[in-house]
Amino acid sequence: MTTPSSKATGLATAYRGDIESAQSERILVLDFGGQTAQLIARRVREQNVFCQMVRHDLTAERIRELNPRGIILSGGPASVYDEASPLPDEGIFKLGIPILGICYGLHVACRALGSSVVPGKSREFGLASCNVDETDPLFEGIEDETRVWMSHGDQVEDLSDNFNSIGKTPTCLNAAVRHKTQPIWGLQFHPEVTHTELGGRMLANFVLGICGCEGSWKIESLIDAEIAAIRERVGDSRVICGLSGGVDSSVVAALLYKAIGPQLSCIFVNNGLLRKGEAEEVAVNFGEHFKTDLHVADASELFLNELAGVSDPQQKRKIIGRLFIEVFQKEAESIEDAHFLAQGTLYPDVIESGANPDGPAATIKAHHNVGGLPEKLGFELIEPLRDFFKDEVRQMGLALGLPEHLIWRHPFPGPGLAVRCLGSVAEDRLVVLREADAILIDELNRAGLYREIQQAFVVLLPVQSVGVMGDARTYENTAVVRCVTTSDFMTADWFRMPHDVMQRISTRITNSVRGINRVVYDVSSKPPSTIEWE
């Protein structure tokens, strides 16, 4: 571990300069820090077109060299009229390459080409009815009135003579615009989110129609590119993979194993915050399936001692992140010639953490595996999944030959049960939570609902209430059942659980788990809530 560490970077991202080797047919997304920026890239890839995120200030000359079929300007939290707002090289508007600006991207394009952007008299957040010009190629196949998802405070007020308005809502007259002479379009709403009912069709019209892409790219092409990039970067060095037993780290391990085989060592840290039977399952799965050099570090007592009495969720995450690094580093010291560390960081982790300190994205919550590894650790960081969403990672895992039960396992947070055990964390409370959570998952499997739900878990509240069991009074904890459906984990809706299944879950938990006498069901969506409670 003597090589200097480099800045954390994903192998798939354009920031590291490897985009020269990408597919010949591509769309570039200029990232202005919007929470759904990478979701745009994902929606484009759904059209079987290769798409990459790049810096918002990538030069026009560099973009010309990359020869994209089209450019999409993402949304962002800034206002274009602010002095420090992120802006692109205005030379991109002279390249003749089709451009689609979304929300902030619309403001950027319109302001650069002579229109004015001002704070809106009426801000729009949520669904809106939009009237569009169905004769425009961007809206081909879309009726003149459609439901769209708005999230903006600013808006284009006065269009310059260069633009025509091709869409409007009751409070936004320039909800969609088109340049009169250049292939430049702009949308005030977000076609990338599922709430925009025909947003996918709009992006397909732009990518396949306006940009002329064929749509022949497949996820297997990305796997081959990732493996080649790993081999080129790693050379003969050894790579350590931090295993959790979940989908993300499993896919990372599979990619690495296919790329470098015996040069891979895996470290599994048992922090005492795992689901029931998880430590044993990890040892079996990776010992039998991967046959890797697996190191297991049992630090349960250390983690629980440090977390004793801590209730603040961010403080919990910081403690767990710090201890993880310490335990991991100690175990890694026994592995010779280890120069690289691989993690299963996904894009939602990155954007929620605001992981790029130089970028415009805002921080929502801390993730201990994002930006939490200090320079002194001595590794170069490899994060092959950093630009991808959960469903895409699952596709990659299946293509790599991983077993289905592993691929379709629900996500589990890095800090584990510590952020599902609200209030202070203690072993007796964790035992209660583990048992309740295991019952929930078992009942969902019995009912055939597990695959219909993208994430399901129990939260233990530091709230007691009066109950009665037999003839005795109880004063015990409340458990929350949280089940959500989502395609990308950026937005989510609560799962409409059949009442008979809900009843079985509640009855089994209250009858079988000592310490819980009340079960409630979370019916909050994301936004405004997050999926996890902490």
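All values reported here derive from a predicted model rather than from experimental measurement.
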Quiz item: Without hydrogens or angle criteria, can the side chains of Asp154 and Tyr81 be said to hold a donor-acceptor pair below 3.5 Å?
Solution: yes

Quiz item: Ser129 and Glu145: side chain to side chain donor-acceptor pair (under 3.5 Å), yes or no, with the steps?
Solution: CA-CA 7 Å; Ser129 178; Glu145 185 172 352; 2.7 Å; yes

Quiz item: Among side-chain atoms of Glu534 and Gln314, is any donor-acceptor pair under 3.5 angstrom?
Solution: no

Quiz item: Do Trp217 and Phe50 make the cut of ring centroids closer than 6.0 angstrom?
Solution: yes

Quiz prompt | Pairwise distance CD1(Ile453) to NE2(His410) - rounded to 0.5 angstrom | solution = 6.0 Å

Quiz item: For the side chain to side chain contact (heavy atoms under 4.5 Å, CB included) test, which of Ser151, Cys130, Cys103 pairs with Phe189?
Solution: Cys130

Quiz item: Does NZ or CZ of Arg451 come closer than 6.0 Å to the centre of the six-membered ring of Trp408, within 45° of the ring's axis?
Solution: yes

Quiz item: Distance from Ile166 atom CD1 to Asn131 atom CG, nearest 0.5 Å?
Solution: 13.0 Å

Quiz item: Do Ile102 and His190 come within less than 4.5 Å of each other through their side chains, counting heavy atoms only?
Solution: yes

Quiz item: Do you know the tightest heavy-atom contact between Asp89 and Ala60?
Solution: OD2-N, 2.9 Å

Practice problem: May I ask you to check whether over 12 heavy atoms, not counting those of Lys94, lie within 6.0 Å of atom NZ? | Solution: no

Self-check item: Leu100 CG to Met202 CE distance, which is reported to the nearest 0.5 Å
Solution: 10.5 Å

Quiz item: Nearest heavy-atom pair of Cys241 and Leu264: which atoms, and what distance?
Solution: CB-CD1, 3.8 Å

Practice problem: Indicate yes or no for a side-chain donor-acceptor contact from Arg147 to the backbone of Glu197 under 3.5 Å, with no hydrogens or angles considered. | Solution: no

Exercise. Mark yes or no for whether Ser74, through its side chain, and Phe32, through its backbone, hold a donor-acceptor pair below 3.5 Å.
Key: yes

Quiz item: Between the main-chain N or O of Val118 and the side-chain N or O of Glu157, is there a donor-acceptor pair closer than 3.5 Å?
Solution: no

Quiz item: Between the main-chain N or O of Trp494 and the side-chain N or O of Arg496, is there a donor-acceptor pair closer than 3.5 Å?
Solution: yes

Practice problem: Mind listing the closest non-hydrogen atom pair of Ile407 and Val247 along with its distance? | Solution: O-CG2, 3.3 Å

Practice problem: Walk me through it: do Leu28 and Ile72 pass the test side chain to side chain contact (heavy atoms under 4.5 Å, CB included)? | Solution: CA-CA 6 Å; Leu28 295 182; Ile72 298 178; over 6 Å; no

Quiz item: Think Arg420 forms a cation-pi with Phe457, using NZ or CZ under 6.0 Å from the six-ring centre and within 45 degrees of its axis?
Solution: yes

Quiz item: Going by atom types alone, do Gln155 and His107 pair a side-chain donor with an acceptor below 3.5 Å?
Solution: no

Quiz prompt | Sub-4.5 Å side-chain heavy-atom contact between Ile382 and Val234 | solution = yes

Quiz item: Less than 4.5 Å apart, any side-chain heavy atom of Glu140 and any of Arg201?
Solution: yes

Self-check item: side chain to side chain contact (heavy atoms under 4.5 Å, CB included) between Val29 and Cys51, worked out
Solution: CA-CA 7 Å; Val29 176; Cys51 187; 3.5 Å; yes

Practice problem: Taking the side chain as every heavy atom from C-beta outward, state whether Ile27 and Ile71 have any pair of such atoms under 4.5 Å apart. | Solution: no

Self-check item: CD (Glu143) with more than 12 external heavy atoms under 6.0 Å
Solution: no

Quiz item: Under 4.5 Å between any side-chain heavy atoms of Pro183 and Ile99, yes or no?
Solution: no

Self-check item: For Ser115 against Val156, the heavy-atom pair lying closest together
Solution: CB-CG1, 4.1 Å

Quiz item: Does Lys180 reach the side chain of Asn164, with side-chain heavy atoms less than 4.5 Å apart?
Solution: yes

Quiz item: Can you check whether Leu400's main-chain N or O pairs, donor with acceptor, with Lys258's side chain at less than 3.5 Å?
Solution: no

Quiz prompt | Any donor-acceptor N/O pair, Ser265 side chain to Ile240 backbone, under 3.5 Å | solution = no

Quiz item: Can Glu25 and Arg69 be counted as an ion pair, charged N to O under 4.0 angstrom?
Solution: yes

Quiz item: With distance as the sole test, does Arg482 use its side chain to make a donor-acceptor pair with the main-chain N or O of Ser524 at under 3.5 Å?
Solution: yes

Quiz prompt | Short side-chain to backbone donor-acceptor contact, Ser79 and Asp82, under 3.5 Å | solution = no

Quiz item: For Asn174 and Leu106, which heavy atoms make the closest approach, and how far apart are they?
Solution: O-CD2, 4.1 Å

Quiz prompt | Side-chain touch Ile63/Pro68, heavy atoms, less than 4.5 angstrom | solution = yes

Exercise. Decide whether Ser237 and Gln263 meet the rule of one side-chain donor and one side-chain acceptor closer than 3.5 Å.
Key: no

Quiz item: What distance separates Gln454 CD from Ile531 CD1, expressed to the nearest 0.5 Å?
Solution: 9.0 Å

Practice problem: Would you mind checking if Glu380 and Arg233 are paired as a salt bridge, meaning a charged N to carboxylate O distance below 4.0 Å? | Solution: yes

Quiz item: Which distance, rounded to the nearest 0.5 Å, do you find between the SG of Cys483 and the CG of Asp493?
Solution: 12.0 Å

Practice problem: Please confirm whether the backbone N or O of Met53 pairs with a side-chain atom of Asp31, one donor and one acceptor, at under 3.5 Å? | Solution: no

Quiz item: Do Glu392 and Arg45 have side-chain heavy atoms sitting under 4.5 Å apart?
Solution: yes

Self-check item: Arg43 vs Thr194, side chain to side chain contact (heavy atoms under 4.5 Å, CB included): CA-CA, chis, key distance, verdict
Solution: CA-CA 10 Å; Arg43 297 298 184 216; Thr194 55; 3.1 Å; yes

Quiz item: Where do Pro137 and Asn205 come nearest, in terms of heavy atoms and distance?
Solution: O-CB, 3.4 Å

Quiz item: Hey, are Glu61 and Arg64 close enough for a salt bridge, meaning a charged N less than 4.0 Å from a carboxylate O?
Solution: no

Self-check item: side chain to side chain contact (heavy atoms under 4.5 Å, CB included) between Ile230 and Phe340, worked out
Solution: CA-CA 10 Å; Ile230 291 170; Phe340 296 90; over 6 Å; no

Self-check item: Atom pair CD (Gln47) and CZ (Phe206), whose distance is rounded to the nearest 0.5 Å
Solution: 12.5 Å

Quiz item: Checking Ser116 side chain against Asp158 main chain: does a donor-acceptor pair fall under 3.5 Å?
Solution: yes

